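Below is one structure, written out as structure tokens, with a few remarks after it.
Please read all numbers here as calculations on a predicted model, not as lab measurements. Counting convention: from 1, in listed order, for ligands and their atoms alike.
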Amino acid sequence: MVARVSEMKIKQDLQDTQDMRSCASLSSTKRNVVVEETKVPVTCNKDCGGGCPLLAHVRDGRIVRITNNPCGGPYMSGCIRGFQAARTLYAPDRLKKPLLRSGPRGSGEFRGVEWNEALDIVADKLAAIKARYGSEAIMPLGGSGSCRSALHNTGRLTARFLALFGGFTATAGSYSSAAAQFVTPFVLGTQLAGIDPGTLQFSRLIILWGANVADCRLGCEMDARIREAKKRGIEVVVLDPRRTATVTQLGTQWIPVKPGTDSALMMAVLYVLLQENLADLAFAAKYGFGFDKLQQHILGLDGSPAKTPEWAEAICGTSAEAIRRFARRYGQTKPVALIPGLSIQRTIGGEEAIRMAIALQVATGNLGILGGSSGALTWGRLPQLRCGAIGLPFKGRMPSVPVYRWPDAILEGKEGGYPSDIAAIYNVGGNYLVQGSDTRKSIRAFEKVEFSVCHDLFMTPTARYCDIILPVTSPLERQDIVFTDANYLLFSSQAVLPPPETRNDYDIFCDLAERLGFLSEFTEGKDEEAWLRGFIAESEVPDYEEFKRSGIYMGKDQLRVGLSDFVADPEGHPLNTPSGRVQLCSEAYAKTGHSPMPEARILQASDAYPLRLVTPKSRYRTHSQNYNIPWFRERGEQALWINPHDAAQRGIADGQQVYVTSPQGRVRIAARVTEDIMPGVVCLLAGVWPSFESDGTDVAGSPNVLTSTVPTMPSQGSRTHSVLVQVAPA
Ligand SMILES: Nc1nc2c(c(=O)[nH]1)N[C@H]1C(S)=C(S)[C@@H](COP(=O)(O)OP(=O)(O)OC[C@H]3O[C@@H](n4cnc5c(=O)[nH]c(N)nc54)[C@H](O)[C@@H]3O)O[C@H]1N2
Ligand SMILES: Nc1nc2c(c(=O)[nH]1)N[C@H]1C(S)=C(S)[C@@H](COP(=O)(O)OP(=O)(O)OC[C@H]3O[C@@H](n4cnc5c(=O)[nH]c(N)nc54)[C@H](O)[C@@H]3O)O[C@H]1N2
Ligand SMILES: [Mo]
């Protein structure tokens, strides 16, 4: 009885805290006298899209629940993955002992070993590889696991360790945004052309172009800001091949568009704007360079077809009438925030979609103004708060390969034109046998190397192919400073103790550095606390203790608009482009072998593979994380989304098992026949761990079994939304 009463008290207590959303109440963490419950400021520290200030409620050394940290204010909110993050900590399949492979690679046969033995083996193997081939024969792989922080950062730590060891072959660029990253500087002279989400309160139209922010987070405020805008009567147009939760919850209109065809649709929008005198020609001439040429291209005055809505309809599957209506609304409203998802550039020709999105915002006078946007990526595209982070002490040039092509680089090596022959994989914070493209090719790459080591919390498909697996702590079990995509920093305190036999990635690298003779260079004589205090000393955060207490430090300006200085004063703040203006036409870009002007470069479907597959994020997963946890998996059963029209053509009923085939592989999965996806397009959500039958068919529905490592050019970026497939009843 006593326990129940006290629990009720705690509930009331927490309720009060939540309702007040009072940051001050955090100062006394042990508020309840009956049962001690501490509230610890934390965050997830993954490349999850969020960056959310959260509070872990801890009782008897266990996290009992996770809520929003009231210090984040009314708009910042976590999501289901953050609120349920404790499920990762307490999952029964959490790795708790170092494992040494005892059967063939991929068999899953391992035996437990003591830490000392495991570390000796890793150190010896690395030393042998270096002696035989040089340290460039080692390729670190990793991405989204604990990649946002100052100290316990899987990418930074691995690079620091291997750099001090002697160097390595790096993977360059990112799965996320390689095409945008490549092309944006040609057009804008910078990557920093985003907006703070708070500026959306000034927008009169919001265009989510391939952005599904209700499921796939692009910052922890976006959702609430758009929800509020919609409540105020602002139109929110969502362009997506799928009717997503963003369409139904945040949107006022859904415009379906076939994946990889956005550049064509954008051209038709510009055509209507020009034809109907809705473009801001003065703005475009003042701030853009080459608008006249682009105009000729759009209107078909350069010998190319006119980019009419009818022309686009045939390519994009979007009705010409919908394009006209949308263009008019766009041209008649101001300011307009165009927020591209990263999806539109993870396609063949994705570079062009970004160039055209910028062109549209220039043509409508929405670039660099409050309530507008640049058309380039917004997520994480403004200066970060100054703060230290563990460094990469590498001097000189490091060989590198585009990350999207890592399996090709391993399989083909120097003979294939890559800079090194890779003999070892050091995998920390990534699960590329799920998330890399062309899973079967990726497996061959793992099979080829002489040695592979993995640090992870779970026996992922990637860990399964490694020779040694070292079990690590999770972000909630250690303290760190976490960077975000906007103008605030987070402090994530240690909420609970880690399982006894797990270690921090940092400590593992210390143990290895000691064995290999460079411990003092690696640690610089500092422990965790000393590192963190040092990072804050380099920052503008005035008070370390206060930062730690509240878990968040807000930068002064929360209403930043990228390129606003240029728009306010183009002479005083020219862009870092040849013209000093927005390079709508770029001769420098043309040197890559592509058109100086944006073009509609679109992958053509074929008779053998007539359907376009998209492979977006699930709201329940960060990439492949959480797939192994039943609570999340039950909420998002994998299925192939297919339109009734395409299903009927193939005699496929809802729930029926189907084969999805591409040149790379085959998947068998249940069909979900739904109007929520447009005709001609099918969808498998990303992050599903594959499960192969003996004939090589994956029966889990893992989309990368079907994707290809042939990238979009010239960026060498990911094209996981440009996948051509066929579907047939199984
Ligand atoms: N088909 C398709 N493929 C895609 C995408 C897509 O949309 N469709 N998206 C692409 C994108 S944008 C990205 S960013 C990549 C992401 O690809 P990955 O980086 O491979 O993503 P995750 O699946 O999150 O893998 C992170 C791993 O790190 C582990 N981990 C978590 N915390 C820690 C830690 O503190 N230490 C260590 N050592 N390990 C930790 C997790 O358990 C997990 O196994 O996927 C890409 N692949
Ligand atoms: N829940 C969750 N959120 C995340 C992540 C996660 O793993 N889980 N990962 C984070 C990371 S690392 C990244 S890089 C970002 C990625 O963010 P995005 O790349 O934007 O995410 P996706 O889910 O791949 O795609 C978003 C939407 O675009 C649609 N789409 C696909 N192709 C096209 C196209 O060619 N044109 C148009 N108009 N729409 C298209 C999809 O149907 C989907 O609804 O998300 C971040 N947020
Ligand atoms: Mo990403």
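Within the 4.0 Å heavy-atom shell around ligand 1 one does not find Lys46. At least one heavy atom of Arg478 sits under 4.0 Å from some atom of ligand 1.
The residue among Asn431, Leu342, Thr473 with a heavy atom at the shortest distance from atom 20 (O) of ligand 1 is Asn431.
Near Ile344, meaning under 4.0 Å from any of its heavy atoms, are these atoms of ligand 2: 36 (N), 37 (C), 38 (N). Contact atoms of ligand 1 toward Gly143: 19 (O) (distance under 4.0 Å to a heavy atom of the residue). For ligand 1, the atoms lying closer than 4.0 Å to a non-hydrogen atom of His455 are 37 (C), 38 (N), 39 (N). Of all atoms in ligand 1, listed by their number and element, those nearer than 4.0 Å to a heavy atom of Thr615 are 1 (N), 2 (C), 6 (C), 7 (O), 8 (N). Below 4.0 Å from some heavy atom of Arg346 lie the following atoms of ligand 1, by number and element: 7 (O). Atoms of ligand 1 found under 4.0 Å from any heavy atom of Leu457 (numbered from 1 in listed order, with element): 30 (N), 31 (C), 32 (N), 33 (C), 40 (C). Within the listing of ligand 2, atoms 31 (C), 32 (N) sit less than 4.0 angstrom from a heavy atom of Val614.
Screening Tyr506, Phe509, Phe168 for a ring-ring contact (aromatic ring centres under 6.0 Å, His included) involving Phe161 leaves a single residue, Phe509.
In this structure, the separation between CZ on Arg635 and OG on Ser618 is 12.0 Å, given to the nearest 0.5 Å.
Contacts with ligand 1 closer than 4.0 Å are made by side-chain heavy atoms of Ala686 only, the backbone lying farther away. Residue contacts with ligand 1, taken as heavy atom pairs separated by less than 4.0 Å, involve Asp505 solely via side-chain atoms from C-beta onward. Residue-level proximity to ligand 1 for Val472 is carried by the side chain, the only part with a heavy atom below 4.0 angstrom.
For the residue pair Gln435 and Ser624, no side-chain donor N or O sits within less than 3.5 Å of a side-chain acceptor on the partner.
Ligand 2 has no nitrogen or oxygen under 3.5 angstrom from a nitrogen or oxygen of Pro616.
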